[in-house]
Number of protein chains: 2
Amino acid sequence: MPHKQPPGRPIPDIVVGRLPFYLRTLRSLAAEGLEITSSSELGDRLGLTSAQIRKDLSYFGEFGKQGLGYNISFLIVQLRRILKVDRIWEVVLVGAGDLGRAIANYHGFHDRGFEIRFVFDSDPAKVRQSLSQYTIQDIASLVEKVRAAKIRVAMLAVPAAAAQNVSDLLVEAGVQAILNYAPTSLVVPKGVYVQNIDPGAHMQRMTFYLEA
Amino acid sequence: MPHKQPPGRPIPDIVVGRLPFYLRTLRSLAAEGLEITSSSELGDRLGLTSAQIRKDLSYFGEFGKQGLGYNISFLIVQLRRILKVDRIWEVVLVGAGDLGRAIANYHGFHDRGFEIRFVFDSDPAKVRQSLSQYTIQDIASLVEKVRAAKIRVAMLAVPAAAAQNVSDLLVEAGVQAILNYAPTSLVVPKGVYVQNIDPGAHMQRMTFYLEA
DNA sequence: CACCAATTGAGAAATGTATCACAATTGAAG
DNA sequence: CTTCAATTGTGATACATTTCTCAATTGGTG
Ligand SMILES: NC(=O)c1ccc[n+]([C@@H]2O[C@H](COP(=O)([O-])OP(=O)(O)OC[C@H]3O[C@@H](n4cnc5c(N)ncnc54)[C@H](O)[C@@H]3O)[C@@H](O)[C@H]2O)c1
Ligand SMILES: NC(=O)c1ccc[n+]([C@@H]2O[C@H](COP(=O)([O-])OP(=O)(O)OC[C@H]3O[C@@H](n4cnc5c(N)ncnc54)[C@H](O)[C@@H]3O)[C@@H](O)[C@H]2O)c1
């Protein structure tokens with residue numbers, strides 16, 4: 001029974017983007033004490049069709065049982081493996097402003113596979129101060145420290161005007177994945193992944209649909 | 001010269017989702033002192049093809065001049081009108097925790113068409129305290145106050161466990177657009193728009209592509 | 001043990017989206 | 001006044017994604 005594995009068909013990026021939501025939903029089903037679910041239950045919770053969920057999962061293997069559905073904890077294990085969060089990624093946070101503080105205090109990332117290792121800022125008044133459990137470090141030492149620690153993932157919470165600059169430092173230090181909170185498009189070399197978070201864009205996307 | 005206007009063809013949602021990024025980019029071009037741009041310059045800045053930008057804009061009208069390109073400030077006016085942010089929307093923020101504080105202190109929303117009018121929380125220790133320029137109000141008074149002020153847009157920054165509950169209150173108060181920071185799927189009636197922000201999901205989307 | 005309801009996985013079909021390619025237009029240069 | 005390079009807007013085409021459909025399988029029930 002030959003089956004397609006990750007290095008088989010290329011996985012559409014849009015499918016990859018939904019997997020974290022499947023995982024999130026499965027964890028909340030598990031937290032409710034359930035052991036088994038179905039593509040239609042998942043679809044209902046997520047506002048997607050059951051067929052889409054089955055097809056998405058089928059890119060990676062056969063995880064369900066006909067007539068029965070999916071074993072929740074088994075599927076969680078599989079999705080964590082697929083998304084490579086069956087481990088903890090050390091993360092560097094740059095920008096110890098209001099948003100940086102919220103991120104540093106937030107404990108929700110650990111469960112998802114991430115742990116902040118360093119916090120950097122350029123403001124001399126902030127450097128050496130503490131933020132949550134961290135000591136804010138001088139941006140000037142970023143490349144050296146991040147490279148030495150082999151950190152590959154970053155969160156960027158600096159003003160838009162500084163973002164490209166900091167991004168360049170991160171790339172120089174070997175970072176390959178950047179979650180960018182600044183409302184600006186970063187230019188990065190191939191092989192570096194950027195995800196942008198722009199709440200203002202989401203807001204404007206909704207007002208489009210509101211009647212004047 | 002008949003032309004398609006908003007109530008003409010239905011606009012693909014994916015197109016609407018890109019417009020805020022076009023607007024954001026145009027504003028930064030304007031800030032650089034430029035007056036004219038082209039679909040290819042916009043595409044380069046955004047990592048999109050010029051054809052896509054032209055086709056997206058063509059859903060709404062003919063904004064460019066052949067041979068020349070687009071007048072930046074004219075296109076900004078058009079996009080603000082299309083997205084309905086040629087006005088300021090009053091917003092209610094629920095959740096005065098770390099993230100709520102970052103949002104309340106953040107001045108970037110005003111330029112995008114939004115202004116916080118009320119901040120609510122359920123913690124008795126927080127109610128009546130001030131946060132940025134606001135006085136935190138009791139969640140118990142949300143429905144009454146939001147309805148009276150005819151506020152139609154909300155930002156939700158409460159724990160996941162409380163999010164559905166607060167969402168129901170917001171809907172009851174007449175809110176039609178909710179930016180949800182809680183990592184949970186909200187159930188809302190038709191006619192209410194939800195956009196979710198889940199940094200953990202973005203992170204996991206990137207680790208998928210990293211080599212082990 | 002036969003039947004049934006529930007459910008998956010996946011090919012085929014339908015739908016949606018992006019790209020191509022080019023006629024039309026513009027302003028500038030000679 | 002003609003020519004040219006630049007660039008738009010869009011129909012046609014190519015590609016991507018979702019949905020439909022159903023054979024196959026499962027465990028439960030009588
Ligand atoms: N706060 C929000 O709710 C919110 C919402 C949307 C977007 N954002 C974006 O997130 C980013 C951060 O927002 P914030 O509210 O925390 O801003 P902030 O001004 O409070 O913090 C920014 C921090 O970055 C530091 N910084 C500036 N230049 C730096 C550099 N070159 N290297 C290292 N650190 C540097 C500053 O010293 C400051 O501590 C901004 O781009 C903002 O647009 C924030
Ligand atoms: N802080 C971050 O960087 C971050 C990142 C990702 C997601 N989030 C999400 O954003 C939300 C808020 O995060 P936070 O870090 O600010 O948490 P927080 O615990 O600091 O703040 C939550 C606030 O919500 C209030 N609250 C709780 N129940 C409420 C209710 N029923 N009505 C009104 N207010 C209520 C609490 O009193 C508290 O002030 C959470 O869902 C969290 O998962 C936060």
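Labels below follow one simple rule: chain letters A, B, ... track the order of the sequence lines, proteins then strands, and each chain is numbered from 1.
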field: Contact list for residues 150-200 of chain B, test ring pair (Phe, Tyr, Trp, His ring centres under 6.0 Å), sequence neighbours left out
entry: A:Y209-B:Y193
field: Rounded to 10 degrees, the angle between the two terminal axes of the helix from C:dC1-D:dG30 to C:dG30-D:dC1, each from five pairs
entry: 0°
Side chains of residues 156-163 of chain B: which donor-acceptor partners sit under 3.5 Å, not counting sequence neighbours?
none

query: B:F60 has an atom CZ; how far is it from atom C1' of D:dT10, in whole Å?
result: 16 Å
query: Whole-Å distance between D:dT26 P and A:E62 CD?
result: 11 Å
query: When you check every protein heavy atom under 4.0 Å of nucleotides 17-25 of chain C, what one-letter string (B, S, -) results, 5' to 3'?
result: SSBBB--BB
So, using salt bridge (Lys or Arg N to Asp or Glu O under 4.0 Å) as the criterion, who are the partners of [X] when residues are at least two apart?
X      : value
B:E144 : none
A:E115 : none
A:R101 : A:D98
A:R80  : none

- prompt: Sequence neighbours excluded, which residues qualify as side-chain contact (heavy atoms from CB on, under 4.5 Å) partners of A:D44?
  reply: none
message: B:A173: which residues meet the side-chain contact (heavy atoms from CB on, under 4.5 Å) condition with it, sequence neighbours left out?
response: B:L142, B:V143, B:V146
Pairs: protein N or O with nucleotides 27-30 of chain C N or O, under 3.5 Å:
none

- request: Determine: side-chain N/O of A:Y70 to OP1/OP2 of C:dG9, distance under 4.0 Å, yes or no.
  value: yes
- prompt: For DNA chain D, which residues in residues 33-42 of chain B have a heavy atom at a distance below 4.0 Å?
  reply: B:S38, B:S39
